[in-house]
Amino acid sequence: MEKVLAGQEWFWEKLNHYLAKSQLKHSKQRNFIIEEFLAMDSHVSAEELYSQLKNRDHNPGLATVYRTLNLLKDAGLVDQKQFSDGKSVFEVMAPDSHHDHLICLSCHKVIEFENEEIERLQELVAKKHSFKLTKHSLELFGHCSDCVKTL
Ligand SMILES: [Zn+2]
Ligand SMILES: [Zn+2]
């Protein structure tokens, strides 16, 4: 049985549902990879997850890590984002929680923010174009407060 952290019940429930629907079996290895992923900070790359697993004496292979993250993506549980330099990160899509990102081009720090007015304006723009909005992703690039001092 997987180790379920508080507040992550919805994640495993949705995953179980997806696996059943897709007629996929649970695998111990996959569960371990997912547990480690959930225990990490948000915005994790496949490579970071892979080295974290290695530190924990698990060596599933990078291809398996990718396959697992892609499965979570197909299940609608994680979002894949391209933040900078072709580095692709994954983050959990918690229900009813939405945020956008400020990305530092110097130190690659990612700051999350929520702004109701931006959200509202985006809906307004879509409406003006009779565009049915299903999701959005907003990334602002620049230099964080630490890095801007050394520019
Ligand atoms: Zn920075
Ligand atoms: Zn985020």
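Whatever order the structure lists them in is the order used to number ligands and atoms, beginning at 1. Residue numbers run from 1 in the order of the sequence given. Every value quoted in this text rests on a predicted model; they were computed, and no experiment measured them. Keep in mind that the numbers below use all heavy atoms, side chains included, and drop hydrogens, waters and symmetry copies.
To the nearest 10 degrees, the Zn ion (ligand 2) sees NE2 of H99 and NE2 of H43 at an angle of 160°. For the pair SG of C144 and SG of C107, the angle whose vertex sits at the Zn ion (ligand 1) is 120° to 10 degrees.
No side-chain heavy atom of K25 sits less than 4.5 Å from a side-chain heavy atom of L19. Between K28 and N31 there is no side-chain heavy-atom pair separated by less than 4.5 Å. Using a 4.5 Å cut-off on side-chain heavy atoms (C-beta onward), L49 and F90 make no contact.
Of all non-hydrogen atoms in N16 and H26, the two that sit nearest each other are OD1-NE2, 2.5 Å. In terms of heavy-atom proximity, K135 sits nearest to D79 at NZ-OD1, 3.5 Å.
Atom OE2 is the N/O/S atom of E112 found closest to the Zn ion (ligand 2). E91 contributes atom OE1 as its closest N/O/S atom to the Zn ion (ligand 2).
Backbone or side-chain N, O or S atoms of H108 do not reach the Zn ion (ligand 1) at under 2.8 Å. At least one N, O or S atom of C104, from either the backbone or the side chain, sits less than 2.8 Å from the Zn ion (ligand 1).
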